[in-house]
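Each remark here refers to the structure printed beneath this line.
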Amino acid sequence: MAKNIKRIGVMTSGGDSPGMNAAIRAVVRSCAYYHVGCVGFYRGFQGMIEGEYEELNARSVRNIISRGGTILKSARSKEFLTVEGRQKAADNLKKAEIDAMVLIGGDGTFRGGKILREEHGIPIIGVPGTIDNDIYGTNYTIGYDTALNTVVEAIDKIRDTASSHNRLFFVEVMGRDAGFIALNSGIGAGAEEILIPEENLGLDRLLDSLERSRRSGKTSSIVIVSEGDKIGKNVFELAEYVTKNLPYYETKVTVLGHIQRGGSPSCFDRVLASRLCVKAVELILDGKTDLMVGFLNNQIESCSLELALKSKPNINKDLLRISDILST
Ligand code: F6P
């Protein structure tokens, strides 16, 4: 155990995700277990800049494992993008006697942590928390599983009404740059078509596929559209385009939006968050820094933050083929 580590800071930053509270709890309780202090910073890097922090003990995190959101709140800080902002943040870390930080969030959070480390030498460990699952170095990010379940439950409900009225629904799901949510919820909910940013299948293919569905006797259909889809039209324009070209379809649009980010975390996310954060604290106590913890091939692993930041996780394109086969 590194003797120089007496107090560890923790914060959540960027888009919140279900399971972040389980992650905070695991950091705080691991610190208590290993007899080091723990300080929570509120509203991500912004709270660090404004000196908004609080000492946390094992009891501060009671009964939060089941709660969505993050008790430490989250923010996207413009001030932290400036040298002066980061200087204020570093000064406050010093004032709070922080020896190392656990940063829970996505790539923006890790980029911020890396620059803080480079400019001010603060050891950092990243923990991947985002519903998008778009982080290299882990098969799952905290919150992704819960978001998938939220989406599938919503689509199941949409399916009921789509089928009652013989309608075609376009359902937009989150994933600014990544199609993990769209692809996996699409298969899980039996969607007819799935549009993801990683693969532009084109408008003609979409029309052909919907036409084929109708001819095969389907009376209703669901098309899942990832918000970052590159087909060149947003979900409303897409629905309009299809109505114009296939007038026998009555189309409707549902944008699931931020309900995907909330809710009580699934057991999978709670366990994932717990395991990743125990590891994060242990890495710090072993004197490690500049790493991201991840869940790879059923094991808790770590990789360099730099690698996590410069690489993109691959989407399994075979799932598109599976979806094609199963939507016959
Ligand atoms: O980063 C996760 C994410 O859920 C994206 O899929 C989405 O585009 C974004 O957050 C929206 O975040 P906000 O409303 O906080 O800007």
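In what follows, every heavy atom counts, from backbone to side chain, and hydrogens, waters and symmetry copies are set aside. Positions are given from 1, in the same order as the sequence printed here.
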Could you tell me whether [X] and [Y] have a side-chain N and a carboxylate O separated by less than 4.0 Å?
X: K73; Y: E52; answer: no
X: K244; Y: E240; answer: no
X: D107; Y: R111; answer: yes
X: E153; Y: K157; answer: yes
X: K6; Y: D99; answer: no

For the student: nearest non-hydrogen atoms of [X] and [Y], plus distance:
X: A308; Y: M292; value: CB-SD, 3.9 Å
X: I187; Y: I194; value: N-CD1, 3.9 Å
X: P197; Y: G175; value: CG-O, 4.3 Å
X: N316; Y: L183; value: O-CD2, 3.7 Å
X: A26; Y: A273; value: CB-O, 4.2 Å
X: I65; Y: A22; value: CG1-CB, 3.8 Å

Value rounded to 0.5 Å, distance of [atom1] in [X] from [atom2] in [Y]:
X: S185; Y: I155; atom1: OG; atom2: CD1; value: 4.5 Å
X: Y42; Y: T12; atom1: OH; atom2: OG1; value: 10.0 Å
X: F180; Y: L319; atom1: CZ; atom2: CG; value: 9.5 Å
X: I125; Y: L283; atom1: CD1; atom2: CG; value: 5.0 Å
X: L201; Y: S209; atom1: CG; atom2: OG; value: 9.5 Å
X: L93; Y: I49; atom1: CG; atom2: CD1; value: 10.5 Å

(request) Starting from the C-alpha separation in whole Å, work towards a yes-or-no answer on side-chain contact (heavy atoms from CB on, under 4.5 Å) for L272 and Y144. (result) CA-CA 11 Å; L272 176 69; Y144 169 60; over 6 Å; no
Side chains of [X] and [Y]: do they bring a donor and an acceptor to under 3.5 Å?
X: N57; Y: S60; answer: yes
X: R270; Y: S264; answer: yes
X: T251; Y: T243; answer: yes
X: N149; Y: S266; answer: no
X: S213; Y: E192; answer: no

Hphob cluster co-occupancy, [X] + [Y], side-chain heavy atoms under 4.5 angstrom:
X: L103; Y: V10; answer: no
X: I224; Y: I315; answer: yes
X: I8; Y: V278; answer: no
X: I64; Y: V271; answer: no
X: V293; Y: M11; answer: no

For [X], does the [atom1] atom sit with more than 12 other heavy atoms under 6.0 Å from it, leaving out its own atoms?
X: Y136; atom1: OH; answer: no
X: Y140; atom1: OH; answer: no
X: K312; atom1: NZ; answer: yes
X: R67; atom1: CZ; answer: no
X: E306; atom1: CD; answer: no

Can you find a pair of side-chain heavy atoms, one from [X] and one from [Y], that are under 4.5 Å apart?
X: L195; Y: L238; result: yes
X: V281; Y: Y33; result: no
X: I104; Y: T109; result: no
X: M48; Y: N92; result: no
X: E79; Y: K88; result: yes
X: Q87; Y: E119; result: no
X: V171; Y: L256; result: yes
X: R275; Y: K279; result: no

(message) Testing E50, R86, Q46 one by one against S77 for a side chain to side chain donor-acceptor pair (under 3.5 Å), which residue passes?
(response) Q46
(message) Would L305 and R117 count as a side-chain contact (heavy atoms from CB on, under 4.5 Å) here? Give the steps.
(response) CA-CA 11 Å; L305 259 188; R117 162 87 178 137; over 6 Å; no
(request) Could you list the residues that satisfy ring pair (Phe, Tyr, Trp, His ring centres under 6.0 Å) with F80, not counting sequence neighbours? (result) F45
For the backbone of [Y] and the side chain of [X], can you confirm whether one donor and one acceptor N or O come within less than 3.5 Å of each other?
X: R7; Y: V39; result: no
X: R76; Y: G108; result: no
X: Q299; Y: L296; result: no
X: R29; Y: A58; result: yes
X: Y241; Y: K233; result: no
X: T138; Y: F295; result: yes
X: N139; Y: N298; result: no
X: T141; Y: T130; result: yes

(request) In sequence, state the C-alpha distance, the side-chain angles, and the governing distance for K95 and Y53, and then conclude on side-chain contact (heavy atoms from CB on, under 4.5 Å). (result) CA-CA 11 Å; K95 198 162 130 205; Y53 56 86; 4.1 Å; yes
(request) Please determine which of R205, K230, K317, R321 meets the salt bridge (charged side-chain N to carboxylate O under 4.0 Å, His left out) test together with E199. (result) K317
(request) Any chance you could lay out the side-chain contact (heavy atoms from CB on, under 4.5 Å) test for F169 and V253, step after step, and finish with the verdict? (result) CA-CA 6 Å; F169 268 81; V253 174; over 6 Å; no
